[in-house]
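One structure below.
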Amino acid sequence: MKSGLLLIPVLAVLSIFCLAPLLEVAVDSLQTEDGIGLGNYLEILTSPFYRQAFANSLSVSLWSSCLGLVIALFGAASLRRLPGRLRDAVVAATNMASNLTGVPLAFAFIILAGTNGALTLLLRQSGLFGNFDLYSRAGLILIYSYFQVPLALLLLYPAFDALDDDWQAAAALLGARVWHYWLKIGLPVLAPAILGTFILLFANAMGAYASAYALTTGNVNLVTVRIASLVAGNIVLDPDLAAALAVLLVALMVLVTTLSQRLLKKSYHAR
């Protein structure tokens, strides 16, 4: 009973700063010119423009989450083999890199890989510059992957403590190759951490706004950019439609999380 009382402050903060705003947004999303109804949702679902925004957001989020997760997996596995001081230095650098987000991150990439960026000019002089455009969806995936990797590395690194080095040695003695060990032992043990990290990366990418807007000035059609333009745009203002977009974005995240949890349970039963 006493331990339950300790949850009251947490529940109060959760209700005030999460549930109450979400309820307010849900109520606003039902407000239309004709009164309460589903007109905003119908407009979104029947509009190719808003469907494209969701498709672009899903594409950028999935690609950046997968790239960040794969790079972080190799990084976390290698990090466990480093000496203590070097490992601490890498973790500290990763913490610093994870804080470079938003407008400063977009500005840094523009200086480095923009049309007249330092790296772009260097590659152009050496004849190695291709058709990569930083101000496109591919550029967004690159920037998103940059801030996904440090976050994924910090989340996955502790999970590797669940692996015992003796397991790999025992597998090798039984004739298993390295990829057999990771396929049959390592990755199944890390599966909950990998799936949980992927969900966090996906949510992080779906909700990102500042980097995308600063890089493309809203030219790439994303859900977060559309919400911002409907709330504080210069041409069309429709907060109720923005609220409906936000509710659909939350519903999409809930759907992804639910499906991931069901897949994880199935993997447990399959063992």
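Just so you know, these numbers use all the heavy atoms, side chains as well, and skip hydrogens, waters and symmetry mates.
- Between the Ser65 side chain and the Phe198 main chain, no donor and acceptor come within less than 3.5 Å of each other.
- With Ser59 contributing its side chain and Asn56 its backbone, the two residues share no donor-acceptor pair below 3.5 Å.
- Contact annotation: the side chain of Asp240 never approaches that of Thr32 to less than 4.5 Å [non-hydrogen atoms, C-beta and beyond].
- For Ile36, the CD1 atom sits in a loose shell: 12 or fewer heavy atoms of surrounding residues, nucleotides or ligands are nearer than 6.0 Å.
- Contact annotation: the side chain of Arg137 never approaches that of Trp63 to less than 4.5 Å [non-hydrogen atoms, C-beta and beyond].
- Here the shortest heavy-atom pairing between Val149 and Ala72 reads O-CB, 4.0 Å.
- Going from atom CG of Leu134 over to atom CD1 of Ile143 covers 5.0 Å, rounded to the nearest 0.5 Å.
- At least one donor-acceptor pair under 3.5 Å links the side chain of Asn221 to the backbone N or O of Phe49.
- Taking OG1 from Thr94 and CG from Leu151, the interatomic distance works out to 11.0 Å, rounded to the nearest 0.5 Å.
- A donor-acceptor contact shorter than 3.5 Å links the side chain of Asn40 to the backbone of Gln31.
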*Dump the intermediate steps for side-chain contact (heavy atoms from CB on, under 4.5 Å) on Val247 and Val25, then the final yes or no.*
CA-CA 7 Å; Val247 170; Val25 170; 3.8 Å; yes

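- Not a single donor-acceptor pair under 3.5 Å links the side chain of Thr197 to the backbone N or O of Leu155.
- Residues Ile227 and Ala242 come closest through the heavy atom pair O-CB, 3.9 Å.
- The CG atom of Leu156 sits 11.0 Å away from atom CG of Leu79, with the distance rounded to the nearest 0.5 Å.
- Residues Leu22 and Cys18 form no side-chain contact, since every pair of their non-hydrogen atoms from C-beta on lies 4.5 Å or further apart.
- If you chain together ILVMFWY residues whose side-chain heavy atoms come under 4.5 Å of each other, Val103 ends up in a group of its own.
- Here the CD1-CD1 distance, from Ile199 to Ile194, works out to 12.5 Å after rounding to the nearest 0.5 Å.
- Atom NZ of Lys184 sits about 15.0 Å away from atom CZ of Arg177, to the nearest 0.5 Å.
- Side-chain atoms of Val91 and Leu154, non-hydrogen and from C-beta on, do get closer than 4.5 Å to each other.
- A continuous path of Ile, Leu, Val, Met, Phe, Trp and Tyr side chains, each step under 4.5 Å between heavy atoms, connects Val60 with Val225, placing both in one hydrophobic cluster.
- Of the possible polar contacts, one joining the Ser29 side chain to the Ala26 backbone as a donor-acceptor pair under 3.5 Å is found.
- Listed for the Ser64 side chain is a donor-acceptor partner under 3.5 Å among the backbone atoms of Ser61.
- In this structure the side chain of Tyr135 reaches within 4.5 angstrom of the side chain of Ile110, judged on heavy atoms.
- The minimum heavy-atom distance between Leu252 and Met206, with the atom names listed, is CD2-CE, 3.6 Å.
- Here the closest heavy-atom approach between residue Leu215 and residue Ala106 is recorded as N-CB, 4.1 Å.
- Scanning both residues, Gly114 and Thr120, for their nearest heavy atoms gives O-OG1, 2.7 Å.
- With contacts defined as side-chain heavy-atom distances shorter than 4.5 Å, the pair Leu73/Trp182 does not qualify.
- Contact check for Leu245 versus Leu249: no side-chain heavy atoms found under the 4.5 Å cut-off.
- Under the 6.0 Å cut-off for aromatic ring centres, Phe160 and Tyr157 do not qualify, their centroids lying 6.0 Å or more apart.
- Between Leu241 and Glu43 there is a side-chain heavy-atom pair separated by less than 4.5 Å.
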_Working note: Leu140 + Leu222, criterion side-chain contact (heavy atoms from CB on, under 4.5 Å); need CA distance, chi angles, decisive distance, verdict._
CA-CA 11 Å; Leu140 282 180; Leu222 300 176; 3.9 Å; yes

_Could you walk me through whether Tyr41 and Leu30 satisfy the side-chain contact (heavy atoms from CB on, under 4.5 Å) test, starting with their C-alpha distance in whole Å, then the side-chain angles of each, then the deciding distance to 0.1 Å, before giving a yes or no?_
CA-CA 8 Å; Tyr41 294 98; Leu30 299 175; 3.9 Å; yes

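- A chain of hydrophobic side-chain contacts below 4.5 Å, direct or via other Ile, Leu, Val, Met, Phe, Trp or Tyr residues, connects Leu187 to Tyr181.
- Linking Ile, Leu, Val, Met, Phe, Trp and Tyr residues whenever their side-chain heavy atoms come within less than 4.5 Å leaves Leu230 and Val250 in two separate clusters.
- Residues meeting the ring-ring contact (aromatic ring centres under 6.0 Å, His included) test with Phe107, sequence neighbours left out: none.
- Atom CG of Leu195 sits about 12.5 Å away from atom CG of Leu190, to the nearest 0.5 Å.
- Cluster annotation: Leu42 is not connected to Leu248 through the hydrophobic network of ILVMFWY side chains, with a link wherever side-chain heavy atoms come within less than 4.5 Å.
- For the pair Ser57 (side chain) and Val223 (backbone), a donor-acceptor distance under 3.5 Å is present.
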_Checking Gln148 against Asn204 for the side-chain contact (heavy atoms from CB on, under 4.5 Å) test, could you report, in this order, the C-alpha distance in whole Å, the side-chain angles of both residues, the deciding distance, and whether it holds?_
CA-CA 8 Å; Gln148 298 279 51; Asn204 189 37; 3.2 Å; yes

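- Neither Ile71 nor Leu105 shares a network with the other; the hydrophobic side chains, linked directly or stepwise wherever heavy atoms of I, L, V, M, F, W or Y lie under 4.5 Å apart, form separate groups for each.
- Residues Ala76 and Leu153 come closest through the heavy atom pair N-CD1, 3.3 Å.
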